[in-house]
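Here is the structure we will look at.
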Amino acid sequence: MSSGRIPAPEASGGGRQSLYVYSGGFLTQPRIRRILSLSGYDIRIGKPGAPGDRVGVWGRSPTAPRGEAVSGWTDTPVVRIEDAFLRSIRPGRVSGDPPIGLLIDDLGVHFDSSSPSRIETVLARDPLDDSAILERARVGMARLRAMNLSKYNNFDPDLEVPEPGYVLVVDQTRDDASILYGKATAATFREMLVFAQEEHPGARIVIKAHPETLSGARLGHYSDGHAHGQISLLDRPVSPWRLLDGAIAVYTVSSQLGFEAIMAGHRPRVFGQPFYAGWGLTADENPVARRERKLTRAQLFAGAMILAPAWYDPCRDRLCSFEEAVDQLEAEVAAFRQDRRGHVAVGMRLWKRRHLQAAFGRERPLRFQNDPGRAAALARAEGRGLMVWAGAETRTLTELARDTPLLRVEDGFLRSRGLGAELVPPMSLVADPLGIYYDPARESRLDRLIAAGPPPGGAERAEHLVARLIRDRLSKYNLGGAGAEGFRDGRRILVPGQVEDDASIRCGAGTEHTNLALLKRVRQENPDAVIIYKPHPDVEAGLRLGKLSPAEITALGLADHVAEGADPVALIGAVDEVWTITSLLGFEALLRGKKVTCLGLPFYAGWGLTHDMMPRPPHRQGRPSLAALAHAALIAYPRYRDPVSGLPCPPEVIAGRLARGEVMRPGPMNRGLSKLQGLLASQSWLWRRG
């Protein structure tokens with residue numbers, strides 16, 4: 001997808017430019033250096049002098065005068081750099097989180113109204129009439145709202161906000177450059193509060209503290225002393241979108257929350273001169289005379305979020321589109337929100353612990369316990385949640401977790417290049433606080449996601465992802481294998497074998513719960529069909545239970561072909577239908593346009609997309625599209641971890657890694673454990689995955 005970004009001036013000449021800097025942040029923060037480098041700048045120290053040299057400064061920061069002085073001495077133009085309007089989980093001052101995008105401005109800086117910035121120039125002069133970009137802007141606005149994403153994202157979207165019907169007054173940090181250069185002062189905040197009371201007599205007024213004030217990093221303009229009568233100070237990290245939803249009016253000096261208020265449908269009262277004021281979308285107390293153009297919300301968003309910033313993809317190490325930046329931030333924020341309080345992981349096998357720690361321990365390291373009682377006590381004492389491999393959940397643990405959040409963990413549906421039974425580390429996991437996807441007896445988070453439907457832009461994103469999976473022939477394990485030739489003509493049915501003691505069989509199977517029973521039922525229902533049986537790869541490898549003799553299968557007439565070692569993607573392409581109990585191969589066949597019959601109740605059954613032999617569960621009443629099902633199962637439900645950068649990432653990154661073979665491999669110890677597991681399975685010991 002094209003980013004739609006206005007080309008930076010340094011790129012127009014075809015070469016790179018030297019950017020001389022005089023602030024340590026440019027040298028010590030790798031993410032900022034990398035974005036500038038990808039944008040065409042070479043960071044240097046010293047004295048500029050060659051044609052095309054530039055001086056780089058951070059906005060109007062305290063260190064900016066150093067570069068401005070050098071610019072004056074050497075007659076070298078200044079480039080001002082600032083964070084884009086989606087930044088990170090936490091403010092940089094709080095945690096050092098790097099930004100996901102920059103505003104690189106050769107004209108000014110967006111919050112300094114004394115002269116036009118690059119954003120202002122785009123908003124004033126660009127036609128802003130490209131229908132594709134405006135549609136992207138409309139979807140982008142809706143998506144940020146739906147996913148609860150803002151500039152900083154260390155808030156709790158589940159925290160309650162005041163009862164609707166209040167006037168929202170937005171505080172900012174003292175001495176912030178956007179106040180001074182937006183023609184405002186500390187007195188402006190006192191004036192704004194008076195205006196809010198006078199213009200809304202008798203209304204409740206809620207003062208929203210700045211995120212950096214909540215963290216203690218910087219002081220604001222309001223304190224508890226301002227909270228009296230109908231005025232309250234909101235000092236909890238609530239969702240800005242939920243807060244805006246309950247407001248009847250919004251008052252701001254120059255906060256980005258004013259920009260988000262416009263996206264939420266408000267016409268905020270603005271007392272400074274931020275970049276979003278003066279375009280007919282705000283009520284301006286101190287207007288900027290040169291801003292006379294009237295813009296729509298979509299046009300404002302397109303200029304500020306799609307055209308002006310340089311967005312960065314930290315996993316693929318490249319500049320990217322606005323949408324790809326949102327994909328990445330969404331993945332990081334989702335992991336943060338689930339892990340911010342930490343987890344006590346109970347009953348996890350030793351080989352899994354390192355990978356679980358990497359996936360779930362970024363905010364607080366996981367605490368591993370084997371005893372459920374000790375795990376529950378530790379979770380309560382430290383304010384953590386409990387985590388268990390879904391197949392190992394016991395009634396005792398469920399009872400102990402009554403007053404403690406419990407996450408059930410399992411592999412995701414785009415897992416690895418190699419088998420879980422061979423202890424190949426997963427690149428995707430699911431963590432479900434309600435149930436687990438393979439157990440239809442209770443509603444899972446996946447059920448809710450499917451029923452709710454995708455967020456704005458989600459169906460289109462899912463369609464693109466599915467098209468990529470089909471193009472690159474990707475599946476859960478990506479083992480490859482033999483082709484799908486030599487089958488006789490006729491109506492071909494693919495029957496995937498399953499691990500007979502697998503949790504999905506124990507929870508989701510009906511009358512047929514063995515591979516032999518499955519084949520007998522398929523032959524009974526389809527006496528004239530060409531039946532192709534594909535053994536499960538774990539069973540073929542001798543690592544799990546469920547092996548059938550190919551000679552016996554064919555002798556009994558239950559299958560015409562036994563496709564040992566075959567590529568499942570090739571098999572799907574060679575058949576007309578798939579009959580299964582609960583195999584994920586049924587889902588992969590659905591994505592590829594095949595008819596699927598389910599004898600059991602996998603997560604994708606019961607939604608009207610499959611032919612089902614069992615009654616659907618009462619919590620599966622919706623009728624989603626295939627794209628909605630794919631979005632829930634491949635994008636919204638799992639968590640992915642990039643094996644290269646180590647970051648939480650969107651599924652598109654994992655699809656690329658799998659296609660190129662950039663995957664995690666099992667270590668020597670894992671391979672040894674895998675062989676032991678196979679030995680136990682071959683002796684008919686019950687080896688339960690989990």
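It should be emphasised that the depicted structure is a prediction, and the values quoted were computed from it without experimental measurement. When reading the values below, keep in mind they use all heavy atoms of this one structure, side chains included, and skip hydrogens, waters and symmetry mates.
Side-chain atoms of R408 come within 3.5 Å of backbone N or O of P433 as a donor-acceptor pair. A donor-acceptor pair under 3.5 Å is absent between the side-chain atoms of E330 and the main chain of C649, judged by distance alone. Counting only distance, with no hydrogens or angles, the side chain of N526 and the backbone of A529 share no donor-acceptor pair below 3.5 Å. In this structure a side-chain-to-backbone donor-acceptor pair under 3.5 Å is missing from R448 to S444. Remark: side-chain polar atoms of T404 are not paired, donor with acceptor, to backbone N or O of L400 under 3.5 angstrom. Distance alone, capped at 3.5 Å, places no donor-acceptor pair between the E512 side chain and the A509 backbone. Side-chain atoms of N148 never come within 3.5 Å of backbone atoms of W241 as a donor-acceptor pair (strictly under, hydrogens ignored). At distances below 3.5 Å, not a single donor-acceptor pair connects side-chain atoms of R473 with backbone N or O atoms of V569. Checking side-chain atoms of E540 against main-chain N and O of G565 turns up a donor-acceptor pair under 3.5 Å. Checked by atom type and distance alone, the side chain of N515 pairs as donor or acceptor with a backbone atom of G546 at under 3.5 Å.
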H536 vs R544, side chain to side chain contact (heavy atoms under 4.5 Å, CB included): CA-CA, chis, key distance, verdict: CA-CA 9 Å; H536 191 281; R544 303 291 296 277; 5.9 Å; no

Stepwise ring pair (Phe, Tyr, Trp, His ring centres under 6.0 Å) test for F587 and F603: CA-CA 9 Å; F587 174 61; F603 72 87; 5.2 Å; yes

Pair V495-L558, side chain to side chain contact (heavy atoms under 4.5 Å, CB included): steps then yes or no: CA-CA 10 Å; V495 180; L558 299 179; over 6 Å; no

Verdict with supporting geometry, K595 and D576, salt bridge (charged side-chain N to carboxylate O under 4.0 Å, His left out): CA-CA 7 Å; K595 180 180 176 181; D576 302 292; over 6 Å; no

Side chain to side chain contact (heavy atoms under 4.5 Å, CB included) assessment of M427 paired with R657: CA-CA 10 Å; M427 299 167 76; R657 302 295 189 211; 3.8 Å; yes

Criterion side chain to side chain contact (heavy atoms under 4.5 Å, CB included) on E443 and R445, from CA distance to verdict: CA-CA 7 Å; E443 185 183 31; R445 179 169 172 264; over 6 Å; no

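Counting heavy atoms from C-beta on, the side chains of E460 and H631 never come closer than 4.5 Å. Residues D447 and L434 are not in side-chain contact: their nearest non-hydrogen atoms beyond the backbone lie 4.5 Å or more apart. Between T597 and T580 the shortest side-chain heavy-atom distance does not fall below 4.5 Å. Between I505 and V499, every side-chain heavy-atom pair lies at or beyond the 4.5 Å cut-off. Counting only heavy atoms from C-beta outward, the side chains of Y477 and S416 approach each other to under 4.5 Å. Using a 4.5 Å cut-off on side-chain heavy atoms (C-beta onward), N153 and L329 make contact. Side chains of D567 and L571 form no contact here, defined as non-hydrogen atoms less than 4.5 Å apart. Between V346 and M387, the closest side-chain pair of non-hydrogen atoms is not below 4.5 Å.
Electrostatic pairing of R506 and D501 does not count as a salt bridge here, judged by no charged N lying under 4.0 Å from a carboxylate O. Ion pair D156/R341 flagged as a salt bridge, since at least one NZ, NE, NH1 or NH2 atom sits closer than 4.0 Å to an Asp/Glu carboxylate oxygen. A salt bridge does not link E577 to K594: none of the charged side-chain nitrogens sits closer than 4.0 Å to a carboxylate oxygen. Under the 4.0 Å criterion applied to side-chain N and carboxylate O atoms, R639 and D339 are assigned as salt-bridge partners. A salt bridge links E525 with R521: the closest approach of a Lys/Arg side-chain nitrogen to an acidic carboxylate oxygen falls below 4.0 angstrom. A salt bridge links R461 with E652: at least one charged nitrogen is closer than 4.0 Å to a carboxylate oxygen. Salt bridge present: D327 and R143 bring a charged side-chain N and a carboxylate O closer than 4.0 Å. Salt-bridge check for E393 with R442: passed, with a basic side-chain N closer than 4.0 Å to an acidic carboxylate O.
If you take CD1 on I531 and NE2 on H561, they are separated by 10.5 Å, rounding to the nearest 0.5 Å. Once rounded to the nearest 0.5 Å, the distance linking CZ of R364 with CZ of R340 reads 11.5 Å. Within the model, atoms OG of S475 and CZ of R592 stand 7.0 Å from one another, a figure rounded to the nearest 0.5 Å. Here I572 contributes atom CD1 and E588 contributes atom CD; the two are 5.5 Å apart, rounded to the nearest 0.5 Å. The CD1 atom of I450 sits 5.0 Å away from atom CG of L629, with the distance rounded to the nearest 0.5 Å. Rounding to the nearest 0.5 Å places CG of L465 at 11.0 Å from CD1 of I654.
Contact detail for Y437 and D432: the closest heavy-atom pair is N-OD2, 4.4 Å. In this structure, A563 and P535 approach most closely via the heavy-atom pair O-CD, 3.7 Å. Heavy atoms only, all atoms of each residue included: A655 and L474 are closest at O-CD1, 3.4 Å. Nearest heavy-atom pair across F360 and H343 is O-CD2, 3.9 Å. Contact detail for V466 and L591: the closest heavy-atom pair is CG1-O, 3.9 Å. Heavy atoms only, all atoms of each residue included: A628 and P454 are closest at CB-CD, 3.6 Å.
E332 and Q328 are linked by a side-chain donor-acceptor pair at a separation below 3.5 angstrom, with hydrogens and angles left out of the test. Neither side chain, Y533 nor D560, offers a donor N or O lying under 3.5 Å from an acceptor on the other. At a cut-off of 3.5 Å, with distance as the only test, no side-chain donor of D502 or Y438 sits close to an acceptor on the other residue. Side-chain atoms of T396 and E399 include no donor-acceptor pair closer than 3.5 Å.
With a 6.0 Å radius and a threshold of 12 heavy atoms from other residues, nucleotides or ligands, R402 has its CZ atom at or below the threshold. Residue-environment remark: CZ (R395) stays at or below the threshold of 12 foreign heavy atoms within 6.0 Å.
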